[in-house]
Amino acid sequence: MAQSKHTETVHPAPAGPSRRQLLTSFGAGFGLLGLAGVLADDGMLRAAEPAGSSGVNLNPLAPKKPHFAPTAQHVVHFFLTGGPSQIDTFDPKPMLDRLHGKPAGNLGLPTERKTGAVMRSPFTFRRYGESGIPVSDLFKKTGEVIDDICVVRSMYCDVPNHEPSILLLTCGHNVVTRPSWGAWATYGLGSENQNLPGYFALCPNGRPTFGARLWGSSFLPGAYQGTFLETKHQDIDRLIENVRNTSFSSLGQRRQLDLVRRLNELHRETRPADSRLEARIQSFELASRMQLDASDVLDVNQEPQHIHELYGSGPHARQMIIARRMIERGVRFVQVFTHPSGGWDSHENLENAHRRLATDADQPLYAFLTDLKQRGLLDSTLVIVGGEFGRTPVAELPKLSGRDHNHYGFSFLLAGGGIRGGHIHGATDDLGFAAIEDRVHYHDLHATILHCLGLDHQKLTFRFAGRDFRLTDVHGSVVHDILA
Amino acid sequence: MHRMTRVGQVFCLILCLISGANRQSCVIAADDVVHADFFERYVRPVFVSRCLECHGPNTQESGLRVDSREHLLSGGDLGPAIVPGDPAHSRLVHAIRRQDDPAMPPDRELSPGEILAIERWIQMGAFWPENETLSFETVGATTHWAFQPIQDPPVPATVDSTWLRTSIDAYILARLEAASVAPSEAADRYTLLRRLAFDLLGMPPTYDDVQQFVNDPAPGAYTSIVDRLLASPHYGERWGRHWLDVARYSDTKGFAYFEDLNYPYAYSYRDYVISAFNDDVPYDDFVVQQIAADQLPQDKYRHVSAALGFLTVGQRFTNNLHDVLDDRIDVVTRGLMGLTVACARCHDHKYDPIPTADYYSLYGVFRSSSEPLVNPVVGDPPDTDEFRKYEEELHNRVVALTRYAKKKHVELVKGARDRAGEYLLAAQQDEDSGVVIDNFLIIIDPGELNPTMRLRWQSLIRRTRRINDPVLSPWHTLAALPRERFAEEARKYSARIADSADGVSAQSVNPIVAAALRKHPPESLEDAAKLYGDLLVETDSMWQAIVAESRKNGTPEPEALADSAWEELRQILYAPDAPASIPLPDIGFNLIRLLPDRIAQEEVQKLLKAVEEWAAKGTDLAPRAMVLHDTRPHEPRVFHRGNPTQPRQRVPRQFLRVIAGKNRRPFTNQGSGRLELARAIVSPKNPLTARVIVNRIWMHHFGEPLVTTPSDFGRRSEPPRQAELLDHLASRLIEDNWSIKKLHRRILLSATWRQVSRHRADAAGVDAENALFWRQNRRRRGFEGVRDSLLAVTGTLNTKMGGSSVDLLIRPFTKRRTVYGFVNRSSLPSLFSAFDFPSPDATSSGRSETTVPQQTLFMMNHHFVVECAGDLLKYADAVSNTASGVTTQENRIRSLYHVVLARDPGPEELAAAESFFESGSDPPPSYERWAYGWGRVDDNAHVTSFTPFHYWSGVAWHVSAQTPGPDSSKDPEESTGLSLNLTGGTTHPTPEPSVIRRWTAPTNMHITVAGKLVHVAKMETVKDGEKVISSKSGDGVCARLISDRQGELGLWKTHGSEIATESRSLEVVSGETLDFVVDGCLDGSDDRFDWPVLIYAVDSSGRREKVARWSSRVDFRGPQANTWQQFAQALLMTNEFIFVD
């Protein structure tokens, strides 16, 4: 189980906080969980907690009680940026071999670009594990742990364009800025480790398309935004903003903070019963512990040789090791992007491109799942693997060597906390073009993720602009079939 | 009855509900007022939002209506719904408890709180407001406090009159006296001035300001300082920023395709707002200008045109018009009136009396305006040749774009008519396959059917399917025929409709279509499409002919074809809502969407970019206003469930019913109606506008609003904490000609505002929340406040006002006020969010105040703050030198206190400071062994000169602050191209001088040096005859390890590759230097390299330690702060600096 360090909660000043403070500090370690829970269940907490009010929130990241018993404490999303092809990875379609080179007919499924004849998969599939789930040779290593994985073959979303689909997947809306899924999760549950941010986004070589919006907090308080790490850097102070002072020695800084503490205590002596003053004094301690812990969590050099060998080399491997170290330390939500853009977007020359991409991703993914399992962390960690959409079974014109975007049907992998391993959910049509059975929209995926975290997606709301917003907007239902 | 007590009683009832207390114990001598409040807050919303849709005036499932007490008593098919006083025997309770069939509501059950509330309400006798029927429209209109006219309540009498200073105080004191709570004493002058400066300017006062005020014996000293601060231009910057929160100000558009994502001229709106506050523009004018400046007299308009940015700086939603208009409706209604009208976009408002129809009335107003491609200059254009030349070029670029757009539009419209048959067929296929393509980008080839046009045909098919359209009803019948028997069935059908004996069909089907079908019964749907296509082409040529004829003869243009049957066909092509009647869209993405083939898209993008780039270049020449202009008035229809493809009934452009009342009139003046809307908003009869702005201003003066939801005064809002006071201030505001500055004065001069912020146990026991305002609230400086105050106290603030927005986070850091910072809504820097800067995507009601370690990390470590500490030290020294000339330690501490906190340090603070300076020194850290500079190496590999770098950029050391040019200087000594950073650096274009990373041995020891030299060569293309070759440019870098005692210890070269740089075991003596020297070899390119090195200590047997003692990377540092600078920064980090008493 993850190391839980929530002993540093802020203690309230002697005189009671105001009613609104009570309400806004819901779950902030005040022993008010019971009352707050009753009020929240009654819909009265929300009514009394206007968004954007100047209410004081002493420690917004303190752990909070979920709505019901969770099956996962943490979420890791391995984002195969660009849209990997489902029919070349986890959704074999023999029909493609038969129809190869022939027109697919009018399927009534317009795509972003012009497409031509059916294109068979250049990869071979083999059954893996006790479940016998077929996996293409692109993900041989992942195949070895397929019994821990649920393959959802019936994902679909709204449009075949990258940007809206990425936004929809991470923030629940195609166009406008909304809080990201990790922001909702940390808003709902807080974080287990107060010495680290509760939510990270990792990407090598720059920010992904849309940048901070994909891990932003939008109208939720800023405390719930993700912290971005550009994992191409190996140096801690380039990885996290402001985490180290390059002008002082750490001892000098400690002496400085001791002075600040002393001055703040003198200041507070004549200003009783203002818990905000105490909260800010505490935040210096938190910050200086964070400096140490952040350096520690990112220092993959501490890992023994066999771990490096297990994950392999390259940025994906580094990222997945970092993700595991974060999970171990109680970080709530980690979003791992494979590429800032492009990535799996194989419009042409799919065979070579996908093979190269899979070579980079397969081993680290396998290693991550294996490593989590060995450490007993897989049970409490929900792992999600997928891109913003899939690819067409027909080849893209004019080169006919790649596939166009396909939002009608594609595959996601889910594993770990609460997920039924060795299971296939849903199906696409004979060509693998559109999801036709047990279809799962991103809204449903979001509802399911929150469900695993013990949160009811209809109840996890935030009042903004006069209405109660939620990650799933007015949609989404939990996909119970994929739960263990 | 007194409001407080009523609220208290209601609250008590709720507590009983929550605690599930014994019913008997809950019996309160409840009068009707309590019942009414209970009904309004807990019962009515449930009926309206959860029941009325199926059990209201329009629909009565199972015969039941719940919109009046009588209906509930008489009940539906199953009998009475309620038995007052007896929830256990009320069918309604069984249904909502889901004990009986039917369980209600069917979709999602009520929350336990809602169920309890209904039960409690029945138990209490099922109170119902007299003669009232519930409906979406009138919910709360007659009872909710915010919809009632603003009262001008008489100033209450108080026992103590000595405390009173302004009228505010009487309201506050009357409540305090009723609660037996004494007000707090007035704060001292030091505190008052710091608070005033915080409230009005957002920055602390100087020590001299404080001294002057504290020692000012004049009786009007306080009043005159209030007036002086109100007159400061910094006032507008502070209060302008508050308004920009409401206006969701941003310098970028958010998500959009293929266009410049910046608003290069958004700043003109920001500057307008700042000067409006400084000039104390009456608030009603301020509002009118922001909604309808273009409707004002031309001369006025030219100077306040930038005000329209209020509507136009919102996000662009990939140019989805409906979303853009929704955003404008939202900012106007929520921002100005505290009404959540945008909730009524898809359905009648669940809680407030705002029907969907009212939403679309406003939609029509904003839909009747659009933005010009190029914005007009604010005020008079500059009278210079430079500007005229600029304008001419801008004009040319705009013409090129619009000409192309018009040409493509004409082609599109013509294609839609010429190929009507193809569109009809394609649209039918789209409809049958259930695919919706309206919201994504499709790329097609030139000559293919246009997706937008297909959609418009699809919507025609939908519109006509269920009505008996004479032209298209045969099509709908044919389209529904089974494919395998199509020919046979089509023949039968064609014969039937053509049969004149069948009177009904003959009348309802267009005779020309009927005749064509009889003549050529279609074999397939494709045939039918062709038949329609041919008829429509024929119709169009007839029409074109008579139009041409009339033009030739100079007669008025015809309005219709003479033959009504042909005219019916013509309507398919020419009716205002016909597919081909597509308007030329606003230039930009919408145009691209309309032209989805790559060639046209590229052309539009190119032309658009040319305009945008040129427009953005003019920001320094003249500010331009982001305006709206009226277009042809749009007659709005209600969109069913907010879906623009399902337009329903027409509604007039008019104001909201809940404010305008029964006698409202449609906006009738020419134009969009924006001016009429604006006037209605600021009408003194509107109960909301004045209350909303008064509440916002109060909030910024007290840290707490009177109405806790400043942008939602609807029925779910709590009643004001001080309703009479709110109305009093709203009435005075209107009476004072909407002067905001007079309102500030009224508040700032009050005894209420001047109270100390100290906690008092006696008062807190009665009113912990300080809802009675028995003290002032301590406040925290927000994002802007912290940054601006840092600049102010370090003496570096740049007071320049206005102009293009500046990036706050790049070096060298700007010293301008934060309000001039660039706000990027697409990627708001995490620092902004960490300090609770509100999301600029929608109007903000007020900021949250969180305390997170990221804020502290910024104050501890960010280069900006570290830099401020250095500046502060210099500034404090400069100030104190002029004062005393003696710089003892205590004097220096004292002057830092003067500058940062405008006061003298206390004895304990002095003691703390002194012990800080006395505390032991650190062991020398590893990074002190390193130095960074440049120098020369002679032929014997001796370093003959070493000059430390002077300029630290925050990430690298450079010779000086200038950015390096391609070949910046002939004299290499002055060159700026050289640099060293964390991992490596940049060499000079010529071999000499070299960059040198110097390590000095601390003691006699054995070491080895390990490292990896990496050179990244730029690729260049060389034309070799016809063949194009890529090759690495330059000739790489040379690296040497040179000891001042032992000479050259290693030499490595690499070009576009990497090489390990290991040394043998070395013996070094204390003070010996090892220089890591890098030059650019022989060629003239400057070369970037990485050369991280590690220095290991080696034991006697030559084995090196596991971990390196020194790492060039880990030890890399910029200039080190001294203890004084650390002390200065400590003062900036204190709570006293951040909080305002």
Counting only non-hydrogen atoms closer than 4.5 Å, does B:T1134 touch chain A with its backbone (N, CA, C, O), its side chain (CB onward), both, or neither?
both
For A:L397, which atoms come within 4.5 Å of any heavy atom of chain B: side chain, backbone, both, or neither?
neither
Measure distances from A:E163 to the heavy atoms of chain B and classify the residue's part below 4.5 Å as side chain, backbone, both or neither.
both
Of all residues at least two apart in sequence or in a different chain, which pass the ring-ring contact (aromatic ring centres under 6.0 Å, His included) check with A:F284?
none
Given heavy-atom pairs under 4.5 angstrom as the criterion, report whether the side chain, backbone, both or neither of A:R280 touches chain B.
both
Applying a strict 4.5 Å limit to non-hydrogen atoms, the region of B:A913 in contact with chain A is backbone
Quick one about B:R780 and B:T851 (side-chain donor to acceptor, distance below 3.5 Å, no hydrogens or angles considered), yes or no?
yes
Which atoms of B:P838 come close to chain A, meaning under 4.5 Å heavy atom to heavy atom: side chain ones, backbone ones, both, or neither?
neither
Contacting region of A:L214 [heavy-atom separation from chain B under 4.5 Å]
neither
Report which part of A:L277 has an atom under 4.5 Å of a heavy atom belonging to chain B: side chain, backbone, both, or neither.
both
Using a 3.5 Å distance criterion without hydrogens, assess whether the side chain of B:E704 forms a donor-acceptor pair with backbone atoms of B:N777.
no
Please flag which part of B:T340 lies under 4.5 Å from any non-hydrogen atom of chain A: side chain, backbone, both or neither.
side chain
Answer with side chain, backbone, both or neither: which region of A:Q458 has an atom nearer than 4.5 Å to a non-hydrogen atom of chain B?
side chain
Between A:H267 and B:E1136: side-chain donor-acceptor atoms closer than 3.5 Å:
no
Residue B:R778 versus chain A: region with a heavy atom under 4.5 Å:
both
Let's test your reading of the structure: which of B:D1141, B:D323, B:I115 forms the most heavy-atom pairs below 4.5 Å with chain A?
B:D1141
If you take all heavy atoms of B:D330 and B:A842, which pair is closest and at what distance?
OD2-CB, 4.4 Å
Looking at B:M860, B:Q315, B:E908, which makes the most heavy-atom pairs under 4.5 Å with chain A?
B:M860
Would you check if the distance from the ring center of A:W215 to the ring center of A:Y199 is below 6.0 Å?
no
Given heavy-atom pairs under 4.5 angstrom as the criterion, report whether the side chain, backbone, both or neither of B:Q1129 touches chain A.
both
Judged by modelled atom types alone, do A:Q253 and A:Q291 share a side-chain donor-acceptor pair under 3.5 Å?
yes
Heavy-atom cut-off 4.5 Å, strictly under: side chain, backbone, both or neither for B:F1139 against chain A?
side chain
Count the heavy atoms of every other residue, nucleotide or ligand shown that sit under 6.0 Å from CZ of B:R758, and state whether that count exceeds 12.
no
Taking ring-ring contact (aromatic ring centres under 6.0 Å, His included) as the test, write out the residues that go with B:H863, two or more places apart.
none
